2 protein chains.
Amino acid sequence: MAQQHSCGCCSPTSAAPAAGATTPETTETTCYCPIDGVLGTVSKKYAMRIVAILGAAGPTRYGELQDRLKSASSATLSSHLDELADAELIERRSFDEVPPRVEYSLTPRGRELETRLQPLLEWASDETS
Amino acid sequence: MAQQHSCGCCSPTSAAPAAGATTPETTETTCYCPIDGVLGTVSKKYAMRIVAILGAAGPTRYGELQDRLKSASSATLSSHLDELADAELIERRSFDEVPPRVEYSLTPRGRELETRLQPLLEWASDETS
DNA sequence: CAGCATCCGAACCGATACTG
DNA sequence: CAGTATCGGTTCGGATGCTG
């Protein structure tokens, strides 16, 4: 998962080998590209939308999410929720009652993401032609 | 491409018949979801990185891009550049010389995107697990 | 140097059906 | 209600090889 490479977009001097140049292969610098981390998760088709919904509406049930993301099947939705929960961007809260109820909400970290996502989303809807 | 639908993440759901539950401030106007537009393009594997590179380094040649995005093959890179150019986020400038030279740079619109992308990227590298 | 064409595996996502 | 299992279609993207 935490793939390492030198993409040059995050670390400027990626071409230069580490000190000593003991490694002739010039394999990888210690550049970790953010895109491979959180941003990889975020680029999932519905990930941003889920974050946006949870950010705007607060704790939301599974069914309502599915309702809002009409084109997403339950399988797809589940996998997205899993991944977001794994990344600790959202939190899953399951209530012990019948019928079952599960609510998803943003973690503090997810809220930070949402903050940074907003301008992007707003701009995107403006630029939409 | 510019698919239209109501996802509920950008404007309250309108499609919900919800007997009696007439949403208070429902902008039932056709909801255009930004994710399907620019953000769709942006979620391409290297799109964000390209924008980030061009933003940080200014006009950049094809070869250098390929150099920085080591894992991207030329075919992949080309298709990304095409798509970004189509979306008018980047500009392709071809010089009439030998050997051929082509430079890519951000359009004003691309620069706006880059602006909104920065906080996200910065945060992502911090949050890197 | 820049970049398209092709092949092909991998990932993604929707539909359906079924469980706790 | 909240999922999981499975299947199949579609897209993505990496490798290679070839043009201008």
Side-chain angles (χ1 to χ4, degrees), chain A residues 1 3 5-7 33 35-37 39-50 53-54 59-87 90-105, chain B residues 1-3 5-7 9 16 18 33 35-37 39-50 53-54 59-87 90-105:
Chain A
M1 225 207 281
Q3 183 193 346
H5 62 220
S6 40
C7 68
C33 187
I35 316 277
D36 286 339
L39 259 35
T41 299
V42 161
S43 334
K44 288 300 188 72
K45 188 167 184 186
Y46 297 103
M48 295 202 215
R49 281 189 255 200
I50 292 171
I53 291 173
L54 294 185
T60 306
R61 301 182 58 165
Y62 182 91
E64 186 167 341
L65 283 171
Q66 198 166 21
D67 223 48
R68 300 204 180 207
L69 306 167
K70 291 199 167 52
S71 52
S73 69
S74 63
T76 301
L77 180 54
S78 276
S79 86
H80 278 240
L81 290 172
D82 273 3
E83 197 162 331
L84 287 168
D86 271 7
I90 69 174
E91 188 195 4
R92 201 192 112 113
R93 189 131 152 259
S94 158
F95 297 83
D96 221 18
E97 50 189 61
V98 170
R101 178 162 61 117
V102 179
E103 283 182 358
Y104 294 87
S105 55
Chain B
M1 259 307 192
Q3 183 192 345
H5 62 221
S6 41
C7 68
C9 73
C33 187
I35 315 276
D36 286 339
L39 259 35
T41 299
V42 161
S43 331
K44 287 299 189 72
K45 189 168 183 185
Y46 297 103
M48 294 202 216
R49 281 191 255 199
I50 292 171
I53 291 175
L54 295 186
T60 306
R61 302 183 57 166
Y62 181 90
E64 187 168 340
L65 283 171
Q66 195 165 23
D67 222 47
R68 299 204 181 207
L69 306 167
K70 290 202 166 49
S71 52
S73 70
S74 65
T76 302
L77 180 54
S78 277
S79 87
H80 278 240
L81 291 172
D82 273 2
E83 196 162 331
L84 287 168
D86 270 8
I90 68 175
E91 188 195 4
R92 200 191 113 112
R93 188 129 151 260
S94 159
F95 297 84
D96 221 18
E97 49 189 61
V98 169
R101 179 162 61 116
V102 179
E103 282 184 357
Y104 295 87
S105 55

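What you see is a predicted model; the values in this text were computed from it and never measured. In what follows, chains are A, B, ... by sequence order, proteins preceding strands, each numbered from 1.
Taking side-chain N and O atoms only, A:Ser78 has no distance below 4.0 Å to OP1 or OP2 of D:dG3. Residue B:His80 places at least one side-chain N or O under 4.0 Å from the OP1 or OP2 atom of D:dG13. The phosphate of D:dC1 (OP1 or OP2) has no side-chain N or O of A:Arg61 nearer than 4.0 angstrom. The shortest distance between the side-chain N/O atoms of A:Tyr104 and the OP1/OP2 oxygens of D:dG3 is below 4.0 Å.
Atom NZ of A:Lys44 and atom C1' of D:dC12 are 13 Å apart (whole Å). If you take CG of A:Leu77 and P of C:dC12, they are 15 Å apart, rounded to a whole angstrom. Taking atom CG of residue A:Asp67 and atom P of nucleotide D:dA2, one finds them 11 Å apart after rounding to whole Å. A straight line from NZ of B:Lys45 to P of C:dA10 spans 13 Å, rounded to a whole angstrom. Atom CG in A:Leu81 sits about 13 Å away from atom P in C:dC13, given to the nearest Å. Rounded to whole Å, the distance from CD on B:Gln66 to P on C:dC1 is 10 Å. Regarding B:Glu83, its CD atom lies at a distance of 13 Å from the C1' atom of D:dG13, rounded to whole Å. If you take OH of B:Tyr62 and P of C:dC1, they are 12 Å apart, rounded to a whole angstrom.
When all heavy atoms of B:Tyr62 and B:Leu81 are compared, the closest pair comes out as CD1-CD1, 3.8 Å.
Among the nucleotides C:dT6, D:dA2, C:dA15, the one closest to any side-chain atom of A:Arg92 is D:dA2. You'll find that the side chain of B:Thr76 is closest to D:dG13, out of D:dG13, C:dC1, C:dC12.
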What's the verdict on salt bridge (Lys or Arg N to Asp or Glu O under 4.0 Å) for B:Glu103 and B:Arg101, showing C-alpha distance, side-chain angles and the deciding distance?
CA-CA 7 Å; B:Glu103 282 184 357; B:Arg101 179 162 61 116; 3.0 Å; yes
If you apply the rule side-chain contact (heavy atoms from CB on, under 4.5 Å), what do you find for A:Gln66 with A:Ser74, and how did you get there?
CA-CA 7 Å; A:Gln66 198 166 21; A:Ser74 63; 3.3 Å; yes
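Among the atoms of the strands shown, none is found under 4.0 Å from any heavy atom of A:Phe95. Residue contacts for B:Asp82: at a heavy-atom cut-off of 4.0 Å it reaches the sugar-phosphate backbone alone, with no base atom in range. Here A:Ala72 lies in heavy-atom contact (under 4.0 Å) with sugar-phosphate atoms only.
Between A:Ile53 and A:Leu69, the closest side-chain pair of non-hydrogen atoms falls below 4.5 Å. With a 4.5 Å cut-off on side-chain heavy atoms, B:Thr60 and B:Ile50 do not count as touching.
Comparing A:Tyr46 and A:Ser74 along DNA chain C, the residue whose closest nucleotide (by nearest heavy atom) sits nearer the 5' end is A:Tyr46. Heavy-atom distances to DNA chain D give each of B:Pro100 and B:Ala75 a nearest nucleotide, and the one nearer the 5′ end belongs to B:Ala75.
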